[in-house]
Every structure is written in C-alpha cells, then in structure tokens.
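A quick write-up on the structure given underneath.
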Amino acid sequence: MSRKSVHVAVAGATGAVGNQMITCLEESNLPLKSVKLLASKRSVGRQLRFRGDLLPVEEMTPESFKGLDVALFSAGGGTSKQFAPIAADAGCVVVDNSSAWRMDPDVPLVVPEVNPHAIKDYTKKGIIANPNCSTIQMVVALNPIHKHCGIKRIVVSTYQAVSGTGKKAIDELFDQTRAMINFLDYAKQVYPHRIAFNCLPHIDVFQENGYTKEEMKMLNETRKIMEDDSIAVTATTVRVPVFYGHCEAVNIETSRHISAGHVRQLLSSAPGVKVMDDPGNNVYPLATDAAGQDLTLVGRIRQDESIENGINMWIVADNIRKGAATNTVQIAELLVKEYL
Ligand code: NAP
Ligand code: 3JN
C-alpha cells in the first residue's frame with residue numbers, strides 16, 4: 001500500500017461531470033499534492049474553487065500532462081481518444097469517463113464494488129475506463145446476486161435524468177418547463193423533441209439493429225465488468241424530465257432459484273448498496289433520494305411470477321456522482337493506494 005501523494009488533473013473541469021469530480025476530489029482522502037483544472041480554450045480565464053482556493057482553468061494541450069500522476073477525463077470521447085494516449089505517454093494514468101476506451105481489451109473497465117482487481121491492467125495502456133452511468137448502478141446491485149445464483153438474463157428499462165446529457169440539457173429542461181407553465185413558446189436545442197413533461201425513448205444514437213448506443217453500452221459493459229459474456233442483456237433507455245438521478249426497472253432470470261427475501265438479505269450487506277424496500281409504508285427509492293449521495297438504492301424487490309427463477313427490482317443512483325464522478329475518484333483512490 002502506497003502513501004505517495006499525487007499531482008492530479010481534471011480534464012473537462014467546467015462540465016457537469018467535471019464540476020462534480022472537483023467536489024468528489026475535495027471530499028476524497030486522496031493524498032493530493034496539486035490539482036490542475038483543464039477544459040477547452042473557451043474556458044481560459046475562468047477560475048473554479050477547490051478547498052477554498054480559486055484555481056485557474058487551463059486549456060488542455062499535449063503539454064498539459066507533464067509532471068502529473070493521474071488525470072480524470074470527462075471532456076467527451078473525441079477528446080479522450082486524442083489526449084489520453086498523450087497523457088499516458090507522459091507517465092500520467094488516465095481514468096476516463098467517456099466510451100472511447102471502454103471496450104478496448106487492453107483497458108480495464110472498473111466499478112470498484114464489482115471488479116477492483118481489474119485496475120492492475122492499467123499498465124497495458126496507462127488508461128482505466130469508467131463505465132456508463134446506467135451500467136454502473138445496475139452492476140453494483142446485480143453482481144452480488146450473480147455471484148450467488150448466476151444471472152442468465154437481464155431485461156432493463158431506464159428512466160434517465162437530463163444531467164446525463166450535460167450542462168446544456170439541464171438548462172433545456174429548466175427553460176422549457178418555465179416556458180410551458182407560463183404558456184410561452186419553448187426552444188429545442190439538445191433533444192430532438194420537447195423533454196419537459198415528456199419521455200423520450202432515445203438516448204445516444206440509433207444503431208443498425210434498432211437499439212441505441214446507450215442500450216448497447218449496457219449490454220457490452222455489463223458483460224465486461226461482470227466478466228461473463230454468457231449473460232444475456234436487453235435494454236430500453238428512456239430520457240425523463242428529471243434533473244438528477246437515473247432509475248431502472250430491472251428483471252433478472254437466474255440459473256438457480258432465489259427468493260425475494262434472500263435478494264433483500266444479500267443486497268443489505270452488499271458494498272455500495274442501500275435497500276429501501278417497504279412498499280406498505282411507501283418506501284422505495286426515488287431519484288430525489290439518490291441525488292447528492294453515493295449509494296445505489298434498491299427497492300420493489302419481488303418475485304417475477306411469470307417465470308420459474310425471476311426477480312424484479314427498481315435500482316436508483318445519482319448518475320453524476322456514482323454514475324460518473326464518484327466512481328472515477330474511487331478508481332483513482334484504489335489506483336494510488338494499491339498501485340502507484
Ligand atoms: P458538459 O457539461 O457538456 O461538459 C463538457 C466538458 O468538456 C466541459 O468542461 C468542456 O469545456 C470540455 N471540453 C469540450 N471540448 C473540449 C476540448 N476540445 N478540450 C478540452 N475540454 C473540452 O458534458 P458532461 O455531461 O460533463 O460530460 C462530459 C463527458 O463525460 C461526456 O462527453 C461523456 O464522455 C462523459 N460522461 C460520462 C458519463 C457516464 O455515464 N460515466 C455520464 C456523463 C458524461 P468547456 O466548458 O471549455 O467547453
Ligand atoms: O445520457 C446519459 O444519461 C449518460 C450519458 C453518457 C454519455 C454522454 C455523452 C457521451 C457518454 C457515455 O458516458 O457513454 C458519452 C460517451 O460516449 O462518451
């Protein structure tokens with residue numbers, strides 16, 4: 001175990017995820033020697049607060065990574081493709097939030113509660129990938145069940161908050177809602193349809209097979225993180241007019257029978273999970289319960305009575321914290337503690 005103190009950068013520091021990364025870094029016990037904030041040229045001149053100090057936002061360039069130990073990236077896939085290898089060549093380990101490197105066999109895809117051992121493979125490319133938010137919360141809740149009785153198939157429908165799309169989408173939901181309740185015209189910029197008072201079964205781009213890229217990410221990433229390509233996964237991902245917190249209705253079919261009570265018991269002691277399951281008293285997880293904290297909340301656990309070995313549940317987490325920034329910082333904490 002190392003107590004090395006580290007020079008860390010946040011790339012995409014002015015964005016929805018980057019901003020939360022700064023907060024998570026402030027809250028973390030990482031032994032920090034310095035923090036550098038990077039974004040595009042547009043943000044040069046801005047300053048952001050870190051533990052009481054105002055830090056300048058610098059333009060990310062190939063020279064940005066010299067002397068750094070770890071960089072937390074959330075500046076989009078193209079930027080990650082371009083800059084992550086440059087950072088790695090400079091000796092700086094990248095923990096990347098985009099989908100650019102997730103399915104690269106030489107890049108570990110890590111959820112610390114599920115496959116922390118995979119971090120060791122960071123040496124192959126100097127890059128560790130953070131999964132998609134919808135995948136993270138699902139595998140945190142499902143992995144203990146998979147370990148116990150084998151999950152054969154997952155059917156998931158998501159209800160995803162607009163913060164998953166970034167700053168501009170948060171503004172769009174706010175502006176459209178305000179316009180509509182004042183009987184005014186509204187503008188659409190981020191989504192192809194109105195998001196206020198609506199649900200859009202469309203997240204990321206459509207693929208040739210009729211699924212969206214978000215839906216295919218859930219399939220491929222789940223198998224890689226749970227280290228089991230035999231798990232069948234089918235997803236429908238939906239954007240809903242909620243600011244923070246992704247919700248998921250999840251149905252699983254297991255190899256061996258497990259009762260709803262046993263699932264509740266397993267998840268009660270699972271790392272990173274909080275069971276909120278007392279429907280008689282209106283207790284089940286809500287997006288508003290998840291927002292601002294780091295646990296994955298699980299409720300509505302019940303037998304799927306239509307098949308022999310099936311369970312239904314409702315899984316909720318803060319998409320910007322556990323779904324992105326918190327998971328990234330947790331990976332960085334493990335990396336520094338165990339490997340640097
Ligand atoms: P956002 O609010 O739009 O922020 C984008 C950030 O990227 C801003 O800081 C922006 O800087 C920076 N950026 C854009 N182009 C850049 C460039 N050429 N060089 C340097 N910085 C650049 O978006 P977000 O919601 O934070 O998401 C950012 C990325 O994180 C996404 O594209 C995605 O890859 C990833 N993400 C992952 C998850 C997940 O599920 N794990 C969830 C959400 C997002 P300026 O302010 O200067 O433009
Ligand atoms: O839409 C959401 O709720 C999550 C969005 C994630 C996202 C947004 C833009 C680009 C990603 C991602 O993490 O998969 C990407 C990307 O492909 O990098």
Side-chain angles (χ1 to χ4, degrees), residues 9-22 24 36-46 48 56-62 64-65 71-84 86-87 94-103 109-111 128-139 158-173 189-191 195 200 202-205 212-218 220-221 225 235 237-240 242-248 287 317-331:
V10 177
T14 51
V17 175
N19 241 283
Q20 187 60 56
M21 280 178 177
I22 295 172
C24 291
K36 190 177 202 175
L37 305 182
L38 302 170
S40 78
K41 207 190 274 186
R42 294 178 288 275
S43 296
V44 172
R46 286 188 61 188
L48 297 173
V57 178
E58 301 173 38
E59 181 185 356
M60 179 150 73
T61 69
S64 300
F65 307 97
L72 312 179
F73 270 53
S74 66
T79 314
S80 294
K81 272 266 182 241
Q82 183 189 350
F83 285 99
I86 296 172
V94 172
V95 188
D96 182 40
N97 246 282
S98 81
S99 59
W101 300 98
R102 287 180 192 149
M103 297 315 295
L109 180 65
V110 177
V111 176
I128 302 169
N130 189 78
N132 179 269
C133 41
S134 301
T135 309
I136 293 176
Q137 66 185 67
M138 188 169 84
V139 298
T158 69
Y159 305 68
Q160 297 184 216
V162 295
S163 52
T165 321
K167 284 180 303 194
K168 289 189 181 136
I170 296 171
D171 293 343
E172 182 148 309
L173 174 58
Q189 275 168 350
V190 177
Y191 298 116
I195 183 63
L200 314 181
H202 176 183
I203 297 184
D204 211 332
V205 293
T212 65
K213 212 168 158 191
E214 183 83 350
E215 289 160 352
M216 296 314 292
K217 286 172 189 171
M218 291 192 78
N220 295 320
E221 295 177 18
I225 300 159
T237 56
V238 181
R239 187 74 64 196
V240 297
V242 166
F243 285 105
Y244 293 96
H246 284 3
C247 301
E248 299 177 344
D318 185 321
N319 54 302
I320 298 295
R321 287 189 67 104
K322 184 57 187 168
T326 300
N327 200 69
T328 305
V329 171
Q330 287 172 333
I331 293 170

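Note that ligands are numbered from 1 as they come in the structure, with each ligand's atoms numbered from 1 the same way. For clarity, every value in this text was computed on a predicted model and none was experimentally measured. These numbers come from the heavy atoms of this one structure, side chains and all, not from hydrogens, waters or symmetry mates.
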Check your understanding: Do any nitrogen or oxygen atoms of E214 come within less than 3.5 Å of a nitrogen or oxygen of ligand 2?
Key -> no
Point to revise | Test of proximity, N97 against ligand 1: N or O pairs below 3.5 Å | key: yes
Review point. Quick check: does M60 get an N/O under 3.5 Å from an N/O on ligand 1?
Key: no
**Study point:** Close side-chain approach of F83 and M60, heavy atoms under 4.5 Å
**Key:** yes
Revision key, fill the gap. For atom 18 (N) of ligand 1, the closest protein heavy atom turns out to be T79 OG1, 4.0 Å
Check your understanding: How does I203 reach ligand 2, if at all, at less than 4.0 Å between non-hydrogen atoms: by side chain, backbone, both, or neither?
Key -> side chain
Practice item. Could you tell me whether some N/O pair between A324 and ligand 1 is separated by less than 3.5 angstrom? Key: no
Review point. Do L173 and F243 touch side chain to side chain, with heavy atoms closer than 4.5 Å?
Key: yes
Study note, to complete from the structure: of all protein heavy atoms, closest to atom 4 (C) of ligand 2 is C133 SG, 3.3 Å
**Study point:** Any N/O pair T165/ligand 2 closer than 3.5 Å
**Key:** no
**Study point:** Any N/O pair N132/ligand 2 closer than 3.5 Å
**Key:** yes
Review point. For G323, does its backbone N or O pair with a side-chain atom of N327 as donor and acceptor, under 3.5 Å?
Key: no
Check your understanding: Could you walk me through whether D96 and R102 pass the salt bridge (Lys or Arg N to Asp or Glu O under 4.0 Å) check?
Key -> CA-CA 9 Å; D96 182 40; R102 287 180 192 149; over 6 Å; no
Review point. To which of R239, K213, K217, M218 does the heavy atom nearest atom 11 (C) of ligand 2 belong?
Key: K217
Study note, to complete from the structure: When distances are taken from atom 40 (O) of ligand 1, the protein heavy atom at minimum range is C133 N, 2.6 Å
**Study point:** Protein residue, atom and distance nearest to atom 16 (C) of ligand 2, heavy-atom basis
**Key:** S99 OG, 3.3 Å
Practice item. Could you list the atoms of ligand 1 found under 4.0 angstrom from a heavy atom of S43? Key: 45 (P), 46 (O), 47 (O)
Practice item. Over all heavy atoms of both residues, which pair between M218 and T237 is shortest? Give the atoms and the distance, please. Key: SD-CG2, 3.9 Å
Exercise for review: With the side chain counted from C-beta on, respond yes when I22 and L37 share a heavy-atom pair under 4.5 Å apart, and no when they do not.
Suggested key: yes
Check your understanding: Shortest non-hydrogen contact from P131 to V111?
Key -> CG-CG2, 3.7 Å
Point to revise | Nearest neighbour in protein (non-hydrogen) for atom 7 (O) of ligand 1 | key: A75 CA, 3.3 Å
Revision key, fill the gap. Note: P131, heavy atoms under 4.0 Å from ligand 1, region reported as backbone
Practice item. Answer side chain, backbone, both or neither: which part of N130 comes under 4.0 Å from ligand 1, heavy atoms only. Key: side chain
Check your understanding: What is the minimum heavy-atom distance between E248 and S134, and which atoms define it?
Key -> OE2-O, 2.7 Å
**Study point:** Non-hydrogen side-chain atoms of N319 and S163 separated by less than 4.5 Å
**Key:** yes
Point to revise | Exercise: identify the closest heavy-atom pair between M21 and S74 | key: CE-CB, 3.8 Å
Check your understanding: With only distance considered, is A16 within less than 3.5 Å of ligand 1 through an N or O on each side?
Key -> yes
Exercise for review: List the closest protein heavy-atom neighbour of atom 8 (C) of ligand 2: residue, atom name, distance to the nearest 0.1 Å.
Suggested key: G164 O, 4.0 Å
Practice item. Would you kindly say whether T165 and R239 are connected by a side-chain donor-acceptor distance under 3.5 Å? Key: yes
Exercise for review: Enumerate the atoms of ligand 2 whose separation from the nearest heavy atom of N97 is less than 4.0 angstrom.
Suggested key: 13 (O)
Revision key, fill the gap. The single option from T326, N19, T328 that satisfies side chain to side chain contact (heavy atoms under 4.5 Å, CB included) with C24 is T326
Check your understanding: Going by the atom numbers of ligand 2, which of them fall below 4.0 Å from some non-hydrogen atom of Q160?
Key -> 1 (O), 2 (C), 3 (O)
Review point. Heavy-atom contacts under 4.0 Å between S134 and ligand 2: side chain, backbone, both, or neither?
Key: neither
**Study point:** Any N or O of T14 closer than 3.5 Å to N or O of ligand 1
**Key:** yes
Exercise for review: Evaluate the side-chain proximity of R321 to Y244: yes if any heavy-atom separation is below 4.5 Å, no if none is.
Suggested key: no
Point to revise | atom 28 (C) of ligand 1: the protein heavy-atom neighbour that sits closest, reported with distance to 0.1 Å | key: S74 O, 3.2 Å
Check your understanding: Quick one: does L38's side chain get under 4.5 Å of V57's, heavy atoms only?
Key -> no
Check your understanding: Hey, is T237 one of the residues with a heavy atom under 4.0 angstrom from ligand 2?
Key -> no
Check your understanding: To the nearest 0.1 Å, how far is atom 27 (O) of ligand 1 from its closest protein heavy atom, and which atom is that?
Key -> V17 CG2, 4.0 Å
Practice item. Give a yes-or-no answer on whether the side chains of Q160 and T158 include a donor-acceptor pair shorter than 3.5 Å. Key: yes
Review point. Going by the atom numbers of ligand 2, which of them fall below 4.0 Å from some non-hydrogen atom of S98?
Key: 18 (O)
Review point. Less than 3.5 Å between some nitrogen or oxygen of R42 and one of ligand 1, yes or no?
Key: yes
Exercise for review: Provide, to 0.1 Å, the distance between atom 32 (O) of ligand 1 and the closest protein heavy atom, together with that atom's residue and name.
Suggested key: G76 CA, 3.2 Å
Revision key, fill the gap. closest protein heavy atom to atom 13 (O) of ligand 2 is R102 NH2, 2.6 Å
Practice item. Answer yes or no: is there a side-chain heavy-atom contact under 4.5 Å between F73 and V94? Key: yes
Exercise for review: Name the closest protein heavy atom to atom 23 (O) of ligand 1, giving the residue it belongs to and the distance to 0.1 Å.
Suggested key: G166 CA, 4.0 Å
Exercise for review: Record the part of K167 in heavy-atom contact with ligand 1 below 4.0 Å; permitted values are side chain, backbone, both and neither.
Suggested key: both
Review point. Are any of the N/O atoms in G15 less than 3.5 Å from those in ligand 1?
Key: yes
Point to revise | For S98 against S80, the heavy-atom pair lying closest together | key: OG-OG, 3.3 Å
Review point. Do R46 and T14 have side chains that get closer than 4.5 Å, going by heavy atoms?
Key: yes
Check your understanding: For atom 16 (C) of ligand 1, what is the nearest protein heavy atom, given as residue, atom name and distance?
Key -> S40 CB, 3.8 Å
Exercise for review: Pick out which of K213, E221, E214 makes a side-chain hydrogen bond (donor to acceptor under 3.5 Å, both in side chains) with N132.
Suggested key: E214
